[in-house]
Number of protein chains: 2
Amino acid sequence: MSKKTTIYDIAKELQITAATVSRALNNNPRISKNTRELVLETASRMNYKQNRLALALKSGKSNNVGVVVPYINRSFFSSVIRGIEDELYPKGYHVIISQTHEDKERELKIIQNLLNAQVDGILISTSYSNDEKDKLEPVLKKTTPFIFFDRKLNFPDISSVTIDDFQGGFDATKHLIDQGCKRIAHFYVNNDLELYQNRLDGYKSALLENGLEFKPEYVISLKSDMEAGMKAAERLMKLPLPPDAIFSSTDKGLLGAIKYLQSLSINIPDDFCVVGFSNDPFTQFMEPSISSVDQSPVEMGRMAAKVFLEQMASEHAVKINKEVILPANLIIRKSSSKIQKK
Amino acid sequence: MSKKTTIYDIAKELQITAATVSRALNNNPRISKNTRELVLETASRMNYKQNRLALALKSGKSNNVGVVVPYINRSFFSSVIRGIEDELYPKGYHVIISQTHEDKERELKIIQNLLNAQVDGILISTSYSNDEKDKLEPVLKKTTPFIFFDRKLNFPDISSVTIDDFQGGFDATKHLIDQGCKRIAHFYVNNDLELYQNRLDGYKSALLENGLEFKPEYVISLKSDMEAGMKAAERLMKLPLPPDAIFSSTDKGLLGAIKYLQSLSINIPDDFCVVGFSNDPFTQFMEPSISSVDQSPVEMGRMAAKVFLEQMASEHAVKINKEVILPANLIIRKSSSKIQKK
DNA sequence: TTGTACGCGTTATCAA
DNA sequence: TTGATAACGCGTACAA
């Protein structure tokens, strides 16, 4: 209805000047207790609300932070955002969400757009690409702080928060070996994100350290969905010497494999053990429940936010390049508990 | 590095005035083709980016929309947001996310905050409360468009997008009856959100229309978690005449019940049928897969965004009060397929 | 302690 | 077709 009240309205009402009102509102010491109280009172009576836009324009600080993810309704990403928001909201920041739909072009546009909107920083989990590193490069040269989480790109001077994917891959594989599995296959997701490579490396390393041979035919490249997982499992089981376990870089892919194995009446975990990656919520509800490597998404979000805040605090200092690597936590459930299941 | 270039920088470079630059940039017809091209060229050369903040202050339109939910990492809410963002981003809007943590005080502060940030509208799924209707009321009187989705409050002149919870409850119950279930229990979530009441009403209505008696002892109030679901099921099964089916308003609660029933070696669906509500992703992966009422969250988000856009389009017209009710879709899976399961 | 004046980056109005 | 100027709402350096 009525127009929004500004400090000018309050000033007029009180026969003083807008500057005085501003001072009163901002707890500026250079003002009498009397007028301050008067202003405060009138402000609340007139239902005054500060216009953050004007403040932002004036100060050059919008108090908005952009968060860019492929899709916000993926459990992992929404949880990271949960963490970011939890950490940033109390500090007065608002979180602006954008989804790239796993599209590199769109990602670039989104970043430009956020920059136009004068966000104070951008937290991003980048989309797949094919050697298009350069595309993002010019935009990263800006003064606006960038922080990668989970899916990072290797640029100098850009901070990142990731988990230890190598360790995750290693632990999962080692765990399967400890269960007595001898022929461990791996579901690999084939794109340019180095995190999948790291998990694969962890897998290899665990095999070798434990005297098991690395067999290329046991590594299947697939997309992260059930369908692909079923096909991958089928391919594996038709090998002359089929594996007796799978460590999968994707929970969804693993799910497909499980369905396929069950259709063959293969018992999990007695005949075949599996471990996934991501600890997607559904893994704990399945029967059997699925072991998976947890990525602590909420923690990751909080940490990314903290790194951003640090960056802001050290204002004009040299650009910080902080690489935080969170631990990967293997969650052992029934799907790989051959030894002592209850 | 270098400061951001403004239209003044371009103007100076070209020895013209900022107004002219602005006109060129905005395809204003009142400018010569020559200078326009010159400006456009120089702008891109100097890497000019429009400052949306200044534009927002000037125009009174921020092109930001606030979205308020209890927690963004709940599957349902993150999917609604997915829909909202998908619809709004192409129209040039940015989505600002806030979480109430199911806290009414916080919700109010968040709304004030978003209003201060000059958002063009607020899409909200409200938190539980206890008759605190009034608390939100003053803030809803603002000119800024509000739109409720899923969890609505009954205020005049406020649009809403919900699903037909009554129909959902009715269909789920009717389906159980069709499966031959005679003693159907209901998990009810007890708070002031009318949607749970509507589901209960649908349940009652289906019973009565089909000649089944409504028994209060078959309706259990609980919170939406596994623990509560287990206890609720235990209580039901210790009744002199235990039920043979459950229609639950919450998937998580139902999950607990299923775990309990399975611990009693009760076979689902042969001995006992269950249907949940929300179609949480995990329901389709379980064994047996769980029937549930789908709420089309992404669609709901898109629709809420559309209603907002309509509201914006009809600018100074009378406040629109649009109540969109989307259909509830019962998804039948194994957990309630007693008759013709494959 | 308070008022005056300016600038943040843009667009719109009016005049030239 | 272009220029000059005001205005959006706020905070602050400077002057009083």
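Reminder, nothing fancy here: chain letters follow the sequence lines and each chain counts from 1. Basis for what follows: all heavy atoms, side chains included, without hydrogens, waters or symmetry-related copies.
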Classify the angle between the aromatic ring planes of Phe77(A) and Phe149(A) as parallel (below 30°), tilted (30 to 60°) or perpendicular (above 60°).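 Judged by the thresholds at 30° and 60°, the geometry between Phe77(A) and Phe149(A) is perpendicular.
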
Within the 4.5 Å heavy-atom criterion, are [X] and [Y] side-chain neighbours or not?
X	Y	value
Ile122(A)	Phe308(A)	no
Asp120(A)	Asn64(A)	no
Leu40(A)	Arg45(A)	no
Gln50(B)	Leu25(B)	no
Lys61(B)	Met312(B)	yes

Quickly work out the [X] [atom1] to [N] [atom2] distance and round it to whole Å.
X	N	atom1	atom2	result
Leu55(B)	dG9(D)	CG	C1'	15 Å
Lys61(B)	dT11(C)	NZ	C1'	15 Å
Ile7(B)	dT2(D)	CD1	C1'	14 Å
Asn28(B)	dT2(D)	CG	C1'	11 Å
Leu25(B)	dA12(C)	CG	C1'	15 Å
Asn63(A)	dG9(D)	CG	C1'	16 Å
Gln118(A)	dT10(C)	CD	C1'	12 Å
Gln15(B)	dG3(D)	CD	P	10 Å

Nearest-nucleotide wise, let me know which of Arg23(B) and Leu57(B) is further upstream toward the 5' end of DNA chain C.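 Nearest-nucleotide comparison on DNA chain C picks Leu57(B).
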
For Tyr8(A) and Thr20(A), find the nucleotide of DNA chain C closest to each by heavy atoms; which residue's nucleotide sits nearer the 5' end?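 Comparing both residues, the 5'-ward one is Thr20(A).
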
Return whichever of Thr5(A) or Ile16(B) has its heavy-atom-nearest nucleotide of DNA chain D closer to the 5' end.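 So the residue in question is Ile16(B).
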
For Ala54(B) and for Ile31(B), find the nucleotide of DNA chain D with the closest heavy atom, then tell me which residue's nucleotide is more 5'.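 The residue whose closest nucleotide sits nearer the 5' end is Ile31(B).
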
Are [X] and [N] close enough that a side-chain N or O sits under 4.0 Å from OP1 or OP2?
X	N	answer
Ser32(A)	dT1(C)	no
Thr35(A)	dT1(C)	no
Ser59(A)	dC8(C)	no

Taking the minimum atom-to-atom distance to the side chain of Arg30(B), which one of dG3(C), dT2(D), dT1(C) wins?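 Per side-chain heavy atoms of Arg30(B), the pick is dT2(D).
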
Taking only heavy atoms on the protein side, list every residue of residues 41-53 of chain B lying under 4.0 Å from any atom of DNA chain D, sorted numerically.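 None, since no heavy atom is under 4.0 Å.
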
Ignoring hydrogens and angles, does a donor from either the side chain of Lys58(B) or the base of dT10(C) sit under 3.5 Å from an acceptor on the other?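 A donor-acceptor contact between them is absent.
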
Any base atoms under 4.0 Å from [X], or only sugar-phosphate, or nothing? Heavy atoms, all strands.
X	result
Thr17(A)	base
Ser22(B)	base
Asn26(B)	sugar-phosphate

Arg151(B) with Glu194(B): basic N within carboxylate O range, under 4.0 Å: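 So Arg151(B) does not pair with Glu194(B) through a salt bridge.
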
Taking the ring centre of each residue, are Phe155(B) and Phe146(B) less than 6.0 Å apart?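 No, ring centres 6.0 Å or more apart.
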
